[in-house]
Amino acid sequence: MGAIAADVRRGALIVLEGLDRSGKSSQCSRLTSFLHTQGLSVEAWRFPDRSTPMGKMISSYLSSQMDLDDASIHLLFSANRWEKRALMEAKLRAGTTLVVDRYSYSGVAFSAAKGLDLDWCKAPEAGLPAPDLVLYLDISAEAAAERGGYGGERYEKVEFQKKVEQNFKSLQDSTWQNIDATQSIDTLESIIRGAALKVVNDCHSGRELSHMWPVEKSRESPH
Ligand code: NYM
Ligand code: MG
């Protein structure tokens, strides 16, 4: 075998996606604690990462303190992932599993819901580390809205979220697992644990880190 062992037992990139109020944040913290109890090196991340200067601009845009051109804020969300790329890759290759609350799929689904071209929205994401597993917490926009209402940020409106939902569904690829998010929190947690352990194991066994966008199974067909 080769002498380069850098990718041996690398961590997994696990992303949770879904509409606002779909339960992603709770499940991300539950999953992170669980993986930690399994003796794994794991960190919880989220996008947008509001702690950086770019993230602070995004945050003021979301709270409507600042207006930005639709294309421009789209690129800013993407740049907020790119500024974390080197660190993400370094952590993964060093064996840390990352549990990430939203990623490129949110980036495309929300911006395209404003009318921007879907393929144009995907372009700046190409080359970022690709998730090994995307857990999509599937809930209708109406059911999500009934969960104690929205927080008042931009995009938190049923009509808009319906478009986001359609876009999410058109972005599904072979790394996705759809999970009915209307199930109980504990049921969801156990489904998510199982899926996560499996992918962590795959990554430990040599599954290579790939980059956005994952090749869709249908496009691999010889026809
Ligand atoms: N959002 C999130 C985007 O529009 N583009 C992106 O690239 C990402 C990561 O930001 N309504 C939207 C989705 C959410 C909002 O996210 C804030 P959160 O998870 O509610 O903090
Ligand atoms: Mg939100």
Side-chain angles (χ1 to χ4, degrees), residues 13-32 44-85 87-88 98-131 134-171 176 181 212-213:
L13 180 55
I14 300 173
V15 168
L16 274 81
E17 285 284 11
L19 299 181
D20 285 290
R21 310 293 290 133
S22 58
K24 293 179 309 304
S25 303
S26 317
Q27 291 298 338
C28 277
S29 63
R30 284 176 176 231
L31 178 62
T32 306
W45 283 35
R46 70 179 310 141
F47 289 108
D49 178 339
R50 303 187 193 219
S51 70
T52 71
M54 280 192 249
K56 289 190 169 54
M57 280 181 74
I58 292 170
S59 203
S60 20
Y61 172 79
L62 287 171
S63 60
S64 299
Q65 288 168 281
M66 185 173 87
D67 275 322
L68 279 173
D69 171 79
D70 290 343
S72 170
I73 181 66
H74 177 73
L75 295 172
L76 196 53
F77 272 110
S78 182
N80 181 236
R81 283 182 282 281
W82 278 99
E83 66 178 331
K84 293 286 168 179
R85 176 183 78 137
L87 187 59
M88 255 192 288
L98 303 177
V99 174
V100 186
D101 190 343
R102 296 192 187 280
Y103 200 58
S104 305
Y105 299 91
S106 278
V108 175
F110 281 81
S111 289
K114 299 181 194 171
L116 296 178
D117 178 73
L118 193 96
D119 286 323
W120 184 86
C121 290
K122 286 173 83 170
E125 305 297 314
L128 287 170
V134 178
L135 295 160
Y136 181 73
L137 296 195
D138 198 357
I139 188 170
S140 71
E142 291 88 349
E146 282 166 15
R147 295 184 160 183
Y150 293 125
E153 283 203 327
R154 238 183 251 259
Y155 307 151
E156 295 180 349
K157 299 204 172 64
V158 183
E159 287 313 310
F160 189 81
Q161 301 270 329
K162 279 187 189 166
K163 294 182 196 159
V164 175
E165 186 187 358
Q166 281 177 355
N167 291 334
F168 267 131
K169 304 230 149 135
S170 74
L171 289 169
W176 277 50
M212 302 295 286
W213 288 86

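Remember, predicted model here, so these are calculated numbers, not experimental data. Both counts, for ligands and for their atoms, begin at 1 and track the order of listing.
In Pro48, the parts holding a heavy atom less than 4.0 Å from any atom of ligand 1 are both the side chain and the backbone. The part of Arg50 lying near ligand 1 is the side chain, judged by heavy-atom distances below 4.0 Å. The side chain of Arg46, and not its backbone, has at least one atom closer than 4.0 Å to an atom of ligand 1 (non-hydrogen atoms only; side chain from C-beta on). Of the heavy atoms in Leu62, only side-chain atoms (C-beta onward) come closer than 4.0 Å to ligand 1.
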- Task: May I have the step-by-step check of side-chain contact (heavy atoms from CB on, under 4.5 Å) for Lys56 and Tyr61, ending in yes or no?
- Result: CA-CA 9 Å; Lys56 289 190 169 54; Tyr61 172 79; over 6 Å; no

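Remark: among candidates Glu17, Arg102, Arg81, His74, the nearest residue to atom 7 (O) of ligand 1 is Arg81, based on non-hydrogen atoms. Summarising the contacts of atom 1 (N) of ligand 1 with Phe47, Phe77, Tyr103, Tyr105, the nearest heavy atom is found in Phe77.
Looking at Glu153 next to ligand 1, no N or O pair under 3.5 Å apart turns up. Note: no N/O pair closer than 3.5 Å links Lys24 and ligand 1 by distance alone.
Salt-bridge check for Asp20 with Arg147: failed, with every basic side-chain N at 4.0 Å or more from each acidic carboxylate O. Under a 4.0 Å N-O distance rule, the pair Glu159/Lys163 does not qualify as a salt bridge. No salt bridge links Glu146 with Arg21; every basic N to acidic carboxylate O contact stays at or beyond 4.0 Å.
Looking at heavy atoms from C-beta onward, Met54 lies out of side-chain contact with Trp82 at the 4.5 angstrom threshold.
The Mg ion (ligand 2) has an N, O or S atom of Asp20 closer than 2.8 Å.
Regarding atom 11 (N) of ligand 1, its nearest protein heavy-atom neighbour is Asp20 OD2, 2.8 Å.
Under the side-chain contact (heavy atoms from CB on, under 4.5 Å) rule, Ile58 has a single partner from Thr52, Asn80, Asp49, which is Asn80. Under the ring-ring contact (aromatic ring centres under 6.0 Å, His included) test applied with Tyr105, the options Tyr136, Phe168, Trp176 reduce to a single match, Trp176.
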